Amino acid sequence: MAVQSHYFSVGSAVPWAEPGVGAVATQSFVEISYGPLGLQLMKRGKSAAEALHELIGKDAAQDVRQVAMVDAQGRAAAHTGAHCIAMAGQHVGQGYSVQANLMADSTVWGAMAAAYEKALASGTGDLADHLLAALDAAQSAGGDIRGQQSCALLIVKGTASGRPWEDRLFDLRVEDHDHPLAELRRLVAVQRAYRKSDEGDKLVEKKDFEGAARAYAESARLAPGNTELLFWQA
């Protein structure tokens with residue numbers, strides 16, 4: 001899941017995900033409980049649509065909520081309340097959902113969907129790249145009418161391993177920044193570099209020093225100018 005907003009620390013409220021269960025985005029006049037409760041319902045076996053329908057049905061303020069869910073089987077569902085601040089809308093596709101509110105233009109969610117599908121069809125990059133492409137497209141189409149401030153990227157594995165600390169692939173947040181999407185891309189690149197450095201650490205534990213040297217070298221290549229990663233390569 002990826003999100004951008006002109007709102008401080010959007011990553012602390014909107015994105016929720018659990019390995020082997022699904023993901024929830026709770027937006028607009030945010031009711032944070034949609035996140036944990038939606039995951040709980042999907043974990044019990046409900047589809048994304050069933051979980052969303054159950055929670056919306058109990059919410060007296062559903063007309064100002066915007067919520068999307070995707071379950072571990074790739075079934076997606078979304079809700080945009082009639083009184084979400086314009087421009088607001090959504091597009092539910094195969095295995096994904098895009099949605100936006102308080103946008104400068106009504107083309108934003110369509111641009112997000114097209115960019116995501118194009119990135120996916122290209123066969124290049126990973127899920128993080130595809131999600132970032134959607135956010136960039138939203139911004140190019142006008143983005144938040146208030147401007148930019150914060151963004152977040154949260155990606156977990158599709159199957160739980162029983163080792164949750166290994167199942168969270170990306171959990172990055174830009175809390176307050178003039179150019180949050182550019183900063184998020186920078187952080188993604190840094191995380192990829194540190195992940196490669198972690199591979200080097202594991203190879204050192206196994207006394208595979210040649211393999212570790214290759215991993216550390218690749219880590220330093222991925223984050224040029226990062227002195228810590230150069231240190232480990234040395």
Side-chain angles (χ1 to χ4, degrees), residues 1-17 22-32 34-35 38 48-49 51-52 55-56 59 61-70 74-120 127-155 170 172-185 188:
M1 185 187 310
V3 59
Q4 181 190 210
S5 175
H6 190 287
Y7 188 82
F8 176 70
S9 189
V10 68
S12 65
V14 172
W16 296 79
V24 180
T26 173
Q27 304 176 211
S28 190
F29 287 80
V30 175
E31 173 51 61
I32 292 180
Y34 274 93
L52 179 59
L55 293 178
I56 289 291
D59 188 353
Q62 60 175 270
D63 61 340
V64 296
R65 309 291 188 216
Q66 188 171 57
V67 187
M69 298 187 186
V70 181
R75 297 169 295 189
H79 164 82
T80 298
H83 290 158
C84 288
I85 300 174
M87 300 289 185
Q90 65 189 48
H91 174 85
V92 178
Q94 184 63 43
Y96 75 92
S97 174
V98 293
Q99 55 283 329
N101 66 91
L102 260 175
M103 293 294 106
D105 194 282
S106 62
T107 63
V108 168
W109 44 96
M112 294 172 72
Y116 176 78
E117 291 186 3
K118 181 179 179 181
L120 190 63
L127 181 56
D129 293 316
H130 305 161
L131 294 174
L132 290 172
L135 289 188
D136 284 340
Q139 187 59 37
S140 295
D144 192 316
I145 197 168
R146 301 163 296 176
Q148 298 176 269
Q149 184 170 4
S150 67
C151 60
L153 177 69
L154 175 60
I155 300 178
F170 286 95
L172 299 173
R173 287 161 44 174
V174 179
E175 310 289 27
D176 185 21
H177 198 283
D178 289 340
H179 303 285
L181 291 183
E183 177 63 5
L184 182 59
R185 281 189 174 275
V188 167

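In this chain, residues are counted from 1 in sequence order. All of these numbers come straight from a predicted model, not from anything done at the bench.
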With a 4.5 Å limit on heavy-atom distance, are the side chains of Tyr96 and Glu117 in contact? yes
Taking the side chain as C-beta and beyond, is there a heavy-atom pair between Leu131 and Ile155 under 4.5 Å? yes
Would you check if His91 and Met112 make a side-chain contact, meaning some heavy-atom pair closer than 4.5 Å? no
Does any pair with a residue in residues 140-155 pass salt bridge (charged side-chain N to carboxylate O under 4.0 Å, His left out), and if so which ones, sequence neighbours excluded? Asp144-Arg146
Please list all pairs passing the salt bridge (charged side-chain N to carboxylate O under 4.0 Å, His left out) test where one or both residues lie in residues 79-90, with sequence neighbours left out. none
Report the C-alpha distance between Val188 and Leu172 in whole Å, list the side-chain angles of each, state the deciding distance to 0.1 Å, and finish with yes or no for side chain to side chain contact (heavy atoms under 4.5 Å, CB included). CA-CA 8 Å; Val188 167; Leu172 299 173; 3.8 Å; yes
side-chain contact (heavy atoms from CB on, under 4.5 Å) filter on Thr26, not counting sequence neighbours, yields Trp16, Val30, Tyr34, Val67
Could you walk me through whether Gln149 and Asp176 satisfy the side chain to side chain contact (heavy atoms under 4.5 Å, CB included) test, starting with their C-alpha distance in whole Å, then the side-chain angles of each, then the deciding distance to 0.1 Å, before giving a yes or no? CA-CA 5 Å; Gln149 184 170 4; Asp176 185 21; 3.2 Å; yes
Would you mind telling me which of Gln99, Gln139, Met103 makes a side-chain contact (heavy atoms from CB on, under 4.5 Å) with Val108? Met103
For Asp129, check salt bridge (charged side-chain N to carboxylate O under 4.0 Å, His left out) against everything at least two apart and list the hits. Arg192
Sequence neighbours excluded, which residues qualify as side-chain contact (heavy atoms from CB on, under 4.5 Å) partners of Ser140? none
Do Ser9 and Glu175 pass the side chain to side chain donor-acceptor pair (under 3.5 Å) test, and can you show the C-alpha distance, the side-chain angles, and the key distance before you say yes or no? CA-CA 4 Å; Ser9 189; Glu175 310 289 27; 2.9 Å; yes
Is it the case that the side chain of Gln66 and the backbone of Ala78 share a donor-acceptor pair, with hydrogens and angles ignored and the cut-off at 3.5 Å? no
So do the side chains of Gln90 and Val92 get within less than 4.5 Å of each other, counting heavy atoms only? yes
Asp105 meets the salt bridge (charged side-chain N to carboxylate O under 4.0 Å, His left out) criterion, sequence neighbours left out, with none
Met69 and Leu55, any side-chain heavy atoms less than 4.5 Å apart: yes
Result for side-chain contact (heavy atoms from CB on, under 4.5 Å) between Leu181 and one of Leu132, Asp136, Val174 points to Asp136
